[in-house]
Amino acid sequence: MDAKQLRQQQQLVDHQHRDSHSHSPAYQALLRAGPRIRPLQQVHAQIVVLGKCRSLALLTKLLTLACAAGSIVYTRRLFHTVPDPDSFLFNSLIKGSSKLGFPKDAVFFYRRMGLASILPSNYTFTSVIKACADLSALRLGREIHSHVLVSGYGSDSFVQAALVAFYAKSGDLCVARKLFDKMPEKTVVAWNSMISGYEQNGFSREAIGLFYQMREWGVEPDSTTFVSVLSGCAQLGAIGLGCWVHDYVVSHGFDVNVVLGTSLINMYSRCGNVTKAREVFDLMSERNVISWTAMISGYGIHGYGREAMELFGQMRVHGPRPNNVTFVSVLSACAHAGLIQEGRCAFADMRSEYGLVPGVEHHVCMVDMLGRAGLLNEAYQFVKELNPGELAPAIWTAMLAACKMHKNFDLGVQVAEHLLAVEPENPGHYVLLSNIYALAGKMDRVELVRNMMIRKGLKKQVGYSTIEVGQKTYLFSNGDKSLPEIEEVYQYLDELMSRCREAGYAPAPASVMHELEEEEREYALRYHSEKLAIAFGLLKTSTGLTIRVVKNLRMCEDCHSAIKYISIVSNREIIVRDRLRFHHFNNGSCSCLDYW
DNA sequence: CTAGGGTTAG
């Protein structure tokens, strides 16, 4: 043993020596108890017996351990027994409750701190602002922001980053961005807060734009940055950028942890490449419920019900315990693949095997599954057997969609009128009702519903589609002429459609089209956004490459049929992700087998 | 006698 090793060993011995003698027996007992309620209660009793319940150091440790044990109730009770809490105790408590998911309590303790006239520090603020972010409590957060300024912590970079994240999460992106822009030194965390803020509010393009700007500024991204950027790619269907991120992560030796791995799975499956998603899944060294659920849901949205159920079976044997979200993925996979019996079993197992209580989402999946399969009576029976408190509008919407699909006008009209009564401001219900009337040929009723919408000033959701070409995403929307090449696209599409007609495509008659679509149809603009995006993709990419389009609404039947023909005449694979699922068009047929 | 932060997935 050389001198250096000897010294190290001596230090170790000293350390242990100090450790075992510098703490009181009660403190040591707390350390031994750890974050476990029963042992902590026993030590608490000892502390009381020893007459040490005025020792703030002991009480602070006891409180933070109680909080770490997940029992906020016990923590609260203990707090009320502390005679004269100091700033150390308050800070520990606020940090603990905020970090462990008890934001309301964090705010409560912050208030008590103020009442006790104890000044908050920058540490206090980072924790309590995070609590406000978790609560999306805009007013409260603004108030605390003013305390930050008064206390002179406005230029603390941790507090600033926390504020950026808070405003972004609470939906006030403008204020978040103003704060961010004013930050003199923008840390990676500040960039991450702003990027994820854009992404989580649905502004993926802005999120990705900011990511490019971050690189221009020479700030090195970390795995958190990539998680947000990949989520943005997943939303936009930007597979090129997604692959670039994946390459970057691998070539720069980043550790693909559970979170990053899961967001890669999500990105690949939502960009249309489930095979690649599965590769990532298989290579991950650690997988949790979220990773398994992401993979199952990936299979589901592509209509690969068998694969989804196969993986779910493996999960039940070797994997983590499935939770409510897992069952949403499983049930919707069953719904999209027509696996009725499997779906019924899974729904029953939820409660009996896993003790999970089905919520609205699960009921919606069941109605959707039964309804798609044409089992309208069973679906309706299922709805009627729910408790009145469980009858969310979404359940009726699923029922209505099933009525429309299987042309059950009487039930459909009944359901739609019920929906209009419950949610008179939701334009989607009017669209569905008018669709049903149009299918039934009751054009006077269609007009009536339409006028009702106009009178209420309700607008249909605007449909748009995106396509990525050369790592840049292009957005197409009905009537939007901002793209310089748009005339060329229209011209090419006209040509394409006439070739489709030669191949046997019969467009839906204009009179039906007019009311059937979820998108506004203007006569001057002949095409839905997905057709425009596909035409653009065909023009801009070389033969043999797959066309991938993402649409925000559901595809209409006419487009669905037209794209089958486009896949023939252009001899290309075309993948369209609509609001609910993927459609892989190849050589005249679609992977959904027309089972929507 | 006591710690130390803000950002991330389904």
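Below, chains carry the letters A, B, ... as their sequence lines are ordered, and counting in each starts from 1.
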| In residues 202-229 of chain A, which residues come under 4.0 Å of DNA chain B by heavy atom? | A/Thr224, A/Val227

| What nucleotide among B/dG10, B/dT7, B/dC1 has an atom nearest to a side-chain atom of A/Ser297? | B/dG10

| query | For A/Leu30 and B/dC1, what is the distance between atoms CG and P respectively, to the nearest whole Å? | reply | 16 Å

| query | Which nucleotide, B/dG5, B/dG10, B/dA3, lies nearest any side-chain atom of A/Lys61? | reply | B/dA3

| Would A/Phe79 and A/Phe90 count as a close aromatic pair, with their ring centres under 6.0 Å? | yes

| query | Which whole-number value in Å describes the distance from A/Tyr123 OH to B/dA3 P? | reply | 14 Å

| query | Is it true that A/Lys551 and A/Asp578 make a salt bridge, defined as a side-chain N closer than 4.0 Å to a carboxylate O? | reply | no

| field | Value in whole Å for how far the C1' atom of B/dT8 lies from CG of A/Leu230 | value | 11 Å

| Which one, B/dG6, B/dA9, B/dA3, comes nearest to the side chain of A/Ser263? | B/dA9

| Does A/Arg321 count as lying over the ring of A/Tyr354, i.e. NZ or CZ under 6.0 Å from the six-ring centre, within 45 degrees of the axis? | no

| query | Once you round it to whole Å, what is the distance between C1' of B/dT7 and CG of A/Asn257? | reply | 13 Å

| request: Remember a base hit wins even if backbone is also touched, and classify A/Asn122 as base, sugar-phosphate or nothing at under 4.0 Å, heavy atoms. | output: base

| note | Partner of A/Phe327 under side-chain contact (heavy atoms from CB on, under 4.5 Å), picked from A/Cys365, A/Ser332, A/Pro322, A/Pro358, is A/Pro322

| Stacking of A/Phe158 on B/dG6 base (centres under 5.5 Å, planes under 30°) | no

| Contact under 4.0 Å: A/Asn266 side-chain N or O vs B/dG10 OP1/OP2 | yes

| request: Indicate yes or no for a side-chain donor-acceptor contact from A/Arg548 to the backbone of A/Gly237 under 3.5 Å, with no hydrogens or angles considered. | output: no

| Any A/Lys169 side-chain N or O less than 4.0 Å from OP1/OP2 of B/dT8 | yes

| query | So, is A/Gln200 near the phosphate of B/dA9, with a side-chain N or O under 4.0 Å from OP1 or OP2? | reply | yes

| Does A/Lys99 put a side-chain nitrogen or oxygen below 4.0 Å from OP1 or OP2 of B/dG4? | no

| message | Under 4.0 Å, counting only non-hydrogen atoms across every strand here, what does A/Lys52 touch: a base, just sugar-phosphate, or nothing? | response | nothing

| task | Under the salt bridge (Lys or Arg N to Asp or Glu O under 4.0 Å) rule, collect the residues that match up with A/Arg205, sequence neighbours excluded. | result | none

| query | Within the structure shown, what part of the strands sits under 4.0 Å from A/Ser157 by heavy-atom distance: base, sugar-phosphate, or nothing? | reply | base

| When the distance from CE of A/Met194 to P of B/dT8 is rounded to whole Å, what number comes out? | 12 Å

| field | Given B/dA9, B/dT8, B/dA3, the nucleotide with the shortest approach to the side chain of A/Ser196 | value | B/dT8

| field | Sugar-phosphate only, base, or nothing, as touched by A/Glu199 at under 4.0 Å among non-hydrogen atoms | value | nothing

| What's the shortest heavy-atom distance between A/Ile195 and A/Ser228, and which atoms? | CG2-CB, 3.9 Å

| task | Between B/dG6, B/dC1, B/dA9, spot the one nearest the side chain of A/Thr262, thanks. | result | B/dA9

| Length of the NZ-P vector between A/Lys130 and B/dT8, whole Å | 8 Å

| task | Is it possible for you to check whether A/Lys186 lies under 6.0 Å from the centre of the six-membered ring of A/Phe180, through NZ or CZ, and within 45° of that ring's axis? | result | yes

| message | The side chain of A/Val159 is closest to which nucleotide in this list: B/dA9, B/dC1, B/dG5? | response | B/dG5

| message | Regarding B/dG6, can its base be found pairing with the side chain of A/Thr187 as donor and acceptor, where the two atoms are less than 3.5 Å apart? | response | yes

| Exam field: side chain A/His252 to backbone A/Tyr248, donor-acceptor pair closer than 3.5 Å | yes

| Pair of N/O donor and acceptor under 3.5 Å linking B/dG10 base with A/Asn323 side chain | yes

| said: I need the CG-P distance between A/Leu62 and B/dA3, as an integer number of Å. | reply: 13 Å

| query | How many Å lie between CE on A/Met284 and P on B/dG10, as a whole number? | reply | 13 Å

| Of the nucleotides B/dG5, B/dA9, B/dT7, which has the atom closest to the A/Val259 side chain? | B/dA9

| With a 4.0 Å cut-off on heavy atoms, is A/Thr64 in touch with a base, just the backbone sugar-phosphate, or nothing at all? | nothing

| Between B/dG6, B/dA9, B/dA3, which nucleotide has the shortest distance from any of its atoms to the side chain of A/Phe88? | B/dA3

| Minimum-distance nucleotide (side-chain atoms of A/Lys95 versus B/dG4, B/dT7, B/dG10) | B/dG4

| Candidate nucleotides B/dT2, B/dG10, B/dG4, ranked by approach to the side chain of A/Tyr27 - the nearest | B/dT2

